[in-house]
Amino acid sequence: MNAIARLALSLACTVAASSAAQAGEDFQVRYNLAGSLGGEIFAPPDLQGLTGGIALTRVDIHKITGNDGERLTQTLPGGTLPLPAPAPSALYPTYGPATGVIDARGSLVQWNLGLAWLSAARYGGGRLALAMNLPYGIKKQGFGAQATTPTLHWNPAVPAATQAAVQAGFDQQFQSTVAAMAAAEGGSVSGIGDMELHAGWRHATDQLRVLAGASLVLPTGRYNQASGPDIGFGNFYTLRPAAQLVYLPRPDIALAGRVTVGLNTRNRDNELRSGNWASLEGAAGYMTRLGPVGVHVVHAQQFQDDSNNRWGPSRYRSTNAGLFWTTRVPVLDVVLTLQHMATVQSRNAKNGTYSQVRLSKTF
């Protein structure tokens with residue numbers, strides 16, 4: 001009986017290990033879900049020269065959702081449990097599949113240092129724009145998992161006492177192994193994140209501001225395909241063409257929209273390629289005596305399946321909505337923006353809240 005029990009426990013470890021989470025780039029895309037359209041949509045049309053900025057973002061993740069929008073689940077396959085010799089294969093018990101529900105929580109505190117330059121000269125009626133963004137983050141995450149241990153189905157010839165003993169050991173080891181595998185995905189990490197370089201063109205009049213360009217995201221952040229959190233998204237590049245339009249029907253009202261497309265290369269560490277995605281961001285602001293206030297919405301969604309992802313196509317989808325307020329700090333002569341976003345709906349994505357404080361100054 002002890003030999004049978006030991007073999008059952010070994011199998012439990014093998015089955016539970018198959019549930020280790022290695023999702024498509026950690027259920028996220030390279031895009032600022034805190035929103036990029038704040039009170040800056042009221043920026044003056046004659047803006048030029050060098051602008052520096054620093055942003056502090058706090059992200060709190062409450063769960064990871066699956067393809068149905070509910071908490072992520074993983075199916076563990078059924079099989080047959082071999083018994084030690086000389087037991088014939090006709091006596092081997094079988095077990096059915098089990099479903100594990102993954103409980104994920106975490107936080108990210110990230111500092112972003114940005115520099116942007118707008119040319120004084122005009123080209124085609126607009127100014128050339130160059131920018132860079134370098135993040136530094138502190139990330140913490142924890143995972144739990146709940147799964148009902150499969151029941152072993154026995155040949156009646158096996159004594160009931162043996163069946164009960166093996167099932168009890170199988171259940172105990174299965175649960176402890178599932179918990180250990182989930183815990184291995186937790187931890188904390190800090191460091192430089194993935195750098196972004198941007199080039200574009202800005203055309204601005206009193207009522208209309210148009211920005212078109214592209215960003216290249218470099219894999220400068222620390223990334224390890226082993227279990228645990230990462231600051232970097234992965235060892236791959238993302239090209240992000242974008243177009244932004246701001247319309248001011250009156251000097252105190254601004255309506256803005258931004259379309260971005262994310263084109264990913266293959267992750268050279270694990271051969272996973274996240275599917276390409278697109279995002280749509282909208283904002284409406286009103287200029288008060290204390291500065292612009294407004295609402296904004298961000299929707300990001302993959303339009304292409306992941307490749308070589310153990311979770312399958314895993315098409316990311318996330319809709320977030322929130323508020324922003326921008327004001328000028330007279331003593332420092334800097335622009336301060338506060339904004340907050342919360343996930344409204346998501347699939348194959350992290351679900352949480354995003355709060356950001358930004359300071360910027362034009363020299």
Side-chain angles (χ1 to χ4, degrees), residues 24-43 53 55-65 69 106-108 110 112 114 131 133 135 137 193-194 196 198 200 209-215 217 233 238-247 254-264 274-286 292-304 314-326 337-358 360:
E25 314 312 344
D26 206 18
F27 297 96
Q28 56 191 349
V29 294
R30 281 171 161 161
Y31 193 75
N32 177 24
L33 293 182
S36 57
L37 296 176
E40 295 89 345
I41 59 179
F42 285 93
L56 173 62
T57 306
R58 167 80 187 203
V59 180
D60 289 292
I61 300 302
H62 307 138
K63 64 179 178 179
I64 294 178
T65 54
S107 66
L108 171 67
Q110 181 169 289
N112 288 75
N133 172 34
D194 294 340
E196 299 180 15
H198 175 82
R209 290 90 193 263
V210 178
L211 178 64
S215 299
V217 187
F233 277 63
T238 301
L239 179 65
R240 290 195 320 231
Q244 178 177 306
L245 177 66
V246 179
Y247 173 61
L255 306 173
R258 180 183 181 92
V259 177
T260 305
V261 176
L263 308 173
N264 299 315
S274 290
N276 296 332
W277 52 270
S279 67
L280 177 63
E281 186 170 352
Y286 175 71
V293 296
V295 297
H296 54 167
V297 177
V298 176
H299 177 77
Q301 181 172 338
Q302 274 183 240
F303 57 82
Q304 184 183 52
S314 192
R315 290 201 179 193
Y316 176 97
R317 183 189 302 178
S318 181
T319 302
N320 304 267
L323 306 171
F324 67 82
W325 172 60
T326 299
T337 296
L338 306 177
Q339 56 191 55
H340 179 77
M341 295 283 263
T343 305
V344 177
Q345 179 272 342
S346 68
R347 292 187 180 182
N348 301 306
K350 293 180 176 179
N351 187 302
T353 58
Y354 307 81
S355 302
Q356 190 174 85
V357 180
R358 293 199 301 268
S360 62

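Hydrogens, waters and symmetry mates play no part in the numbers below; they use all other heavy atoms, side chains included.
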(request) Among Asn32, Asn133, Thr57, find the residue that satisfies the side-chain hydrogen bond (donor to acceptor under 3.5 Å, both in side chains) test when tested with Asn112. (result) Asn133
(message) Looking at Gln301 and Ala278, would you say the former's side chain and the latter's main chain have a donor-acceptor pair under 3.5 Å?
(response) no
(request) Compare every heavy atom of Gly262 with every heavy atom of Thr238, then report the nearest pair and how far apart it is. (result) CG2-CA, 4.2 Å
(request) Starting at CH2 of Trp277, measure out to OG1 of Thr260 and round the result to the nearest 0.5 Å. (result) 6.0 Å
(request) Answer yes or no: is there a donor N or O on one side and an acceptor on the other, between the side chain of Thr319 and the main chain of His299, under 3.5 Å? (result) no
(message) Between His198 and Ala214 (side chain of the first, backbone of the second, donor and acceptor by atom type, cut-off under 3.5 Å), is there such a pair?
(response) yes
(message) Can you confirm if the aromatic rings of His340 and Tyr354 lie within a centre distance of less than 6.0 Å?
(response) no
(message) Could you report the tightest heavy-atom contact between Ala256 and Val246, atom names first, then the distance?
(response) CB-CG2, 3.8 Å
(request) Of all the heavy-atom pairs spanning Ile41 and Ala254, show the shortest one and how long it is. (result) CD1-CB, 3.7 Å
(message) On a heavy-atom basis, which atom in His296 and which in Ala283 lie closest, and how many Å separate them?
(response) CB-CB, 3.8 Å
(message) Just verifying a value: how many Å separate Arg258 CZ and Leu211 CG, rounded to the nearest 0.5 Å?
(response) 6.5 Å
(request) State, yes or no, whether a side-chain contact exists between Lys350 and Leu33 at a heavy-atom distance under 4.5 Å. (result) no
(message) Under a 3.5 Å distance rule, please check whether Asn276 uses its side chain to pair with a backbone N or O of Asn264 as donor and acceptor.
(response) yes
(message) For Gly35, is there any backbone N or O sitting under 3.5 Å from a side-chain donor or acceptor partner on Gln339?
(response) yes
(message) Show the nearest heavy-atom pair for residues Ser346 and Asn351, with the distance to one decimal.
(response) OG-ND2, 3.3 Å
(request) Could you grab the distance from atom OH of Tyr247 to atom CZ of Arg209, nearest 0.5 Å is fine? (result) 12.0 Å
(message) Looking at Glu40 and Arg358, is any side-chain nitrogen of the basic one under 4.0 Å from a carboxylate oxygen of the acidic one?
(response) yes
(message) Any non-hydrogen side-chain atom of His62 less than 4.5 Å from a side-chain atom of Thr353?
(response) yes
(message) Looking at Tyr31, is its backbone amide N or carbonyl O close enough to the side chain of Arg240 to form a donor-acceptor pair, meaning the two atoms are under 3.5 Å apart?
(response) no
(message) Quick one about Thr65 and Arg347 (side-chain donor to acceptor, distance below 3.5 Å, no hydrogens or angles considered), yes or no?
(response) no
(message) So does Arg315 get a backbone contact from the side chain of Asn348, meaning a donor-acceptor N/O pair under 3.5 Å?
(response) yes
(request) Supply the atom-to-atom distance Met341 CE to Ser318 OG, rounded to the nearest 0.5 angstrom. (result) 9.0 Å
(request) Rounded to the nearest 0.5 Å, what's the gap from CD on Gln28 to CD1 on Ile61? Could you check? (result) 8.0 Å
(message) Determine whether a donor-acceptor pair (N or O, by modelled atom type, separation under 3.5 Å) exists between the side chain of Thr326 and the backbone of Gly39.
(response) yes
(request) Report yes if some heavy atom in the side chain of Val297 is under 4.5 Å from a heavy atom in the side chain of Glu281; otherwise report no. (result) no
(message) Quick one, Leu56 and Gln110 - any side-chain contact, counting heavy atoms below 4.5 Å?
(response) no
(message) For the OG atom of Ser107 and the CZ atom of Arg58, what is their distance to the nearest 0.5 Å?
(response) 4.5 Å
(request) For the pair Thr343 (side chain) and Asn320 (backbone), establish whether a donor and an acceptor sit closer than 3.5 Å, ignoring hydrogens and angles. (result) no
(message) Would you say that Phe303 contacts Val261 through its side chain, given a criterion of any heavy-atom pair below 4.5 Å between the two side chains?
(response) yes
(request) State, yes or no, whether a side-chain contact exists between Ser314 and Tyr316 at a heavy-atom distance under 4.5 Å. (result) no
